[in-house]
Structures are given as structure tokens and as C-alpha cells.
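Notes to accompany the following structure.
Order of the sequence lines fixes the chain letters, A, B, ..., with proteins taken first and strands second; residue numbering starts at 1 for each chain. What you are looking at is a predicted structure, and each value in this text was computed from that prediction instead of being measured.
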Amino acid sequence: MARAKITSVRGVKDILPEESPRWQRVEALARETFARYGYSEIRVPIFERTELFARSIGEETDIVNKEMYTFDDKGGESLTLRPEATASMCRAYVQHALYSQPGVAKLFCIGPMFRYERPQAGRLRQFHQIDAEAFGSEDPSVDAEVIVMLADFLSAAGLKDLSLQVNNLGDAECRPAYSRALKEYLREAAQGLGPEVKERAGRNPLRFLDSKDPDHQAIIARAPTIDRYWNPACRAHLDAVCDRLKGAGIRYEVNPRLVRGLDYYCLTVFEVTSSHLGAQNAVCGGGRYDGLVEELGGPPTPAIGFAIGMERLLQLTGGDSGESAGPPAALDAFIVPLGGIAAAEAFALAGELRRGGLRVDLSFGGGSMKSQMRRAGRSGARFVLVLGDDEIAKGTVTLRDMRESRQEELPRAEILSKLSSGV
RNA sequence: GUGGGUGUAGCUCAGCGGUUAGAGCGCCGGGUUGUGGCCCCGGAGGUCGGGGGUUCAAAUCCCCUCACUCACCCCA
């Protein structure tokens, strides 16, 4: 009898009716908040040419090396499900010449991302991000505004116990010097570690600072930090950002060991973490990427943005257990037909009431009065409309108030106005 | 890709070598010729994740495998 069940793919989740209202609330809050800062929504495709991600995120990153969902379409072209949104937004910015519009282009995008990783707490293969990007200004005030908007949104979402860390990764002038110094230090310090670790430390030394391995912590703690290598411009940029943040009353911490996993970041980077999330504790990460737009064939365009992890954010609101909020949308009325003729009448009545703006459901499949009333009770509707032979003969409907356990018989023509007036 | 934990009803779990595998919740029906919730009664629902082995006998012990989960790498 039962055929083999087809289950969802590893690392992806259904968002069930009882939880989707929470998603909608968060998305609405993001739209409202970002609009107050002058941001407009852009919706970009969830797949792009593989080349786009390879070129923007960086050939040496884990995302490009091992985490992309890449496939050839029927025309033989290599496409990839987006692992992040920034690259697509830059592509769209260039493709549609949004740089020719005046001022800073402020865009946001909400949707699913895909990375082929082993799932764990707070990490899925399909996950969702709220992404905001500001193109066209290198003013540190824009950096600060982006962070203030983020903080505004997170606090409106009700998140507490968050930690905001800020750093400056340097520019084309001072970063290479730091990178060299760190590489040299690691060559010595990482002697006793495995070949794989040493190889990685040599190829991308900054990323080593991100390691959680307890054995690495001592090495990281003694490693040179970038703050000693900042040139005056970078230092001034960070100071200006911090100044604005202080002015806005934002609590933050400068962490000279904060790095990001994508190659395109420069200057300002930041991360928001929570202590209530487990190992994957970043709710949001972001930073400046002044070279990326040009790299993708656009004019030299400074830009900065961030990505918020929706699943992680939602895990921090309303508790993990999640109060089940009952039916998705409370019904105004539930119709119980008794008998075969009544079914057609009930169907028509439901239509009238719905066109009148009410939320109405009805009992399908017949059954005894008792079982249909049970359905009515569980529907959560305040009012039940009973439509049986008696009522049809008289042209009436029995209106029962489920909360008060009272009922009255009304002419059918009066039902809509009666319910619309809210009892 | 690597390591640990867990897989028994829709859900949460008990049973851990011995007749036909259980509970609570949920679901369906009945207790009222046309009235929900509370209560009472009844019912449906399980290849005990899958495969192999040990044994007179396996949900229970062993091996393999798959899934879920947590952690590493890395990131939202």
C-alpha cells in the first residue's frame, strides 16, 4: 500500500504554516526599517553564471572551492545557485547602469541562498538572508549608517545580548604588508600543526585568525594584529566610523582579529554575534568592497553592505520552541451544512460572505452535527453558521457565538451585515 | 570531507534477549432526532530507519549502511 516516501533534500527545511507568520513579520520589519533609510528592494535571480561567483567571491575561498551548487544547463552553460546575494546585486547594478542615477544607490534583497555544507545548528544548505548594500560612496558615514540601520533593525526585531565587532582590513597599500607579516609569523608558529592547516595558513593567512581549534588559540593570541599596520587613511576611516557609531549610541567593540571569509572585503568589516546560538553564532556579517563593482566590469564604485541570516535571527526571537499561535489567520465564521441540499447553500453563502470581506471556512464532507460542530470549534472561528433543512425552508441561518455559547436564528439576508458589524 | 550522539505510532517517549510492541498527546467515531470545548467509551495508525549476522528466540546483542543531530573546516 504505502509507496516509498520522498523526503526533502538534506539540509533544507519546510517553513510550515505555523511558523510562516514569524517570517512574514521579520521581512515586513526589514522592509519598513530599510525604507526609512532610503533603501529600495531589488529581486535578483537565485542562479547566475558560475563565473560571477568565482570572480567576485574569490577562487581561494571555501565557498567557491567546495560549497557551490553548480550544474550545467541544457545549453551546456555552467550555472550556480547563489551562495550569497552581493555578487548578483553588483552584477545587476552594473548591468542596469544604476551608477548613472544620482546619489548613493541603496538596495536590499531578501531570499534563499545555497551552500553545499554539512548541516549543523544554524547552518543549512538552503538558508535565507536579508541583504542590504549601498553603492557609490566611500564616505565612512555610509559605513556607519549601514551599521546603525542594522542595529535599528535588530533591536526592532527584539534581539538582545548581541555583540557587534568592527575592524578595518586595510586597503591595497597596508593590507599586503600585514598579510606578509602574518604569513611569516605563521610559518614559524604553525610548525607543529598538520600539513593541511599549514597549507591553508600559507595560502590565506588572514583566515587562520578565524579558527576555533583550541590548539590554534594561543598562536592566534600572539599573532601580529592589523592595527599596527594601518596607514593614516585606514586609521582615519575607522576612527570616523567609530565616531558616528558612538554618536548614535551604538555599542561596539573594535576587534583587530576580525576577518571575513570572502575575498572582496576591504577597509570596514563587521559582524554581529549572539551567545545564544551555538557554534555558528554570527547573525550578521558585512563589510566594504570597494573593488568589486569594477572587477565585474563596472566603473570604479565603492560599496558596503551586510547580510543577516534569517534562520539564525528567527532562532533568537520567540524562543526555539516557538509558541504555536493556532490557526494562521483567525476566521470570522465557519459554516456547518446539514444534509445534501444544505451543502450547495453553504457553498453559496460562503462565497457571499467572502466577497463581503469576511474570512470564512466551511465544513466539507458532511458528518453528524456533533462531528461538524467539533470541526467548527477547532477552526477557531468566533461564529458558526448552521444551515439545515429548517433554516433553508425558512430562509434563515442559525448564528452561534462560540465564545458565549449563545445562538439566534436570523434571516439569511442579514448575516453579512450582522457579522460585518462585529456582532 | 572528518569525528561524536540519536533513530520504536502524526508528535514526545517507554520497552533493552522470551507469547499478538506500549503510554500520553493528536486524529476519527460514539455517549444527544440538529450543537463544539470538559468528561466517559471505542477505533484507526508501526517493514521497531534499511540490510546482513549471532541465537531455539532480536525492537533488544554484533557488523554494515542510510537518515537526523551536534561539532570541526568555514560561514548567515
**Item:** P gap between B:G5 and B:C38, integer Å
**Value:** 43 Å
**Item:** A:Phe47 and A:Thr80, any side-chain heavy atoms less than 4.5 Å apart
**Value:** no
**Request:** Please check the phosphate of B:C70 (OP1 and OP2 only) for any side-chain N or O of A:Gln120 closer than 4.0 Å.
**Result:** no
**Asked** Among A:Asn281, A:Leu159, A:Leu150, A:Ile308, which one satisfies side chain to side chain contact (heavy atoms under 4.5 Å, CB included) with A:Val272?
**Response** A:Leu150
**Prompt:** Does a nitrogen or oxygen in the side chain of A:Gln280 sit under 4.0 Å from OP1 or OP2 of B:A71?
**Reply:** no
**Request:** Report yes if a side-chain nitrogen or oxygen of A:Arg378 is closer than 4.0 Å to either non-bridging phosphate oxygen (OP1 or OP2) of B:C27; otherwise report no.
**Result:** yes
**Message:** Would the base of B:C74 count as contacting A:Lys66 through its side chain, where contact means a donor and an acceptor less than 3.5 Å apart?
**Reply:** no
**Asked** If we call it a pair only when both distances are under 3.5 Å in a Watson-Crick or G-U wobble match, what pairs with B:A23?
**Response** B:U12
**Message:** Whether A:Ser368 contacts B:G30 is assessed here as follows: a side-chain N or O lying under 4.0 Å from the phosphate OP1 or OP2. Is that the case?
**Reply:** yes
**Message:** Taking atom types as they are modelled, would you say the side chain of A:Ser405 forms a donor-acceptor pair with the base of B:G36 within the 3.5 Å cutoff?
**Reply:** yes
**Asked** Is there a Watson-Crick or G-U wobble partner for B:C28 with both distances under 3.5 Å, and which nucleotide is it?
**Response** B:G42
**Message:** Is the distance between the ring centroids of A:Trp23 and A:His128 under 6.0 Å?
**Reply:** yes
**Request:** Take atom CD of A:Gln372 and atom P of B:G36, then tell me their distance rounded to the nearest Å.
**Result:** 12 Å
**Asked** For the base of B:G34, is there a side-chain donor-acceptor partner from A:Glu391 under 3.5 Å away?
**Response** yes
**Message:** Restricting to non-hydrogen atoms, name the atom on A:Lys394 and the atom on A:Glu409 that form the minimum distance, rounded to 0.1 Å.
**Reply:** NZ-OE2, 2.8 Å
**Request:** Give the ring-plane orientation class for A:Phe34 versus A:Tyr39, where under 30° counts as parallel, over 60° as perpendicular and anything between as tilted.
**Result:** tilted
**Donor-acceptor pair (no angle test) under 3.5 Å: A:Arg118 side chain, B:C72 base** = no
**Prompt:** B:A76 base to A:Glu117 side chain: any donor-acceptor pair below 3.5 Å?
**Reply:** yes
**Request:** Grab the CZ-P distance between A:Arg400 and B:G37 for me, whole Å please.
**Result:** 11 Å
**Asked** Among B:G34, B:G29, B:C72, which is the nearest nucleotide to the side chain of A:Arg375?
**Response** B:G29
**B:G37 OP1/OP2 closer than 4.0 Å to side-chain N/O of A:Lys370** = no
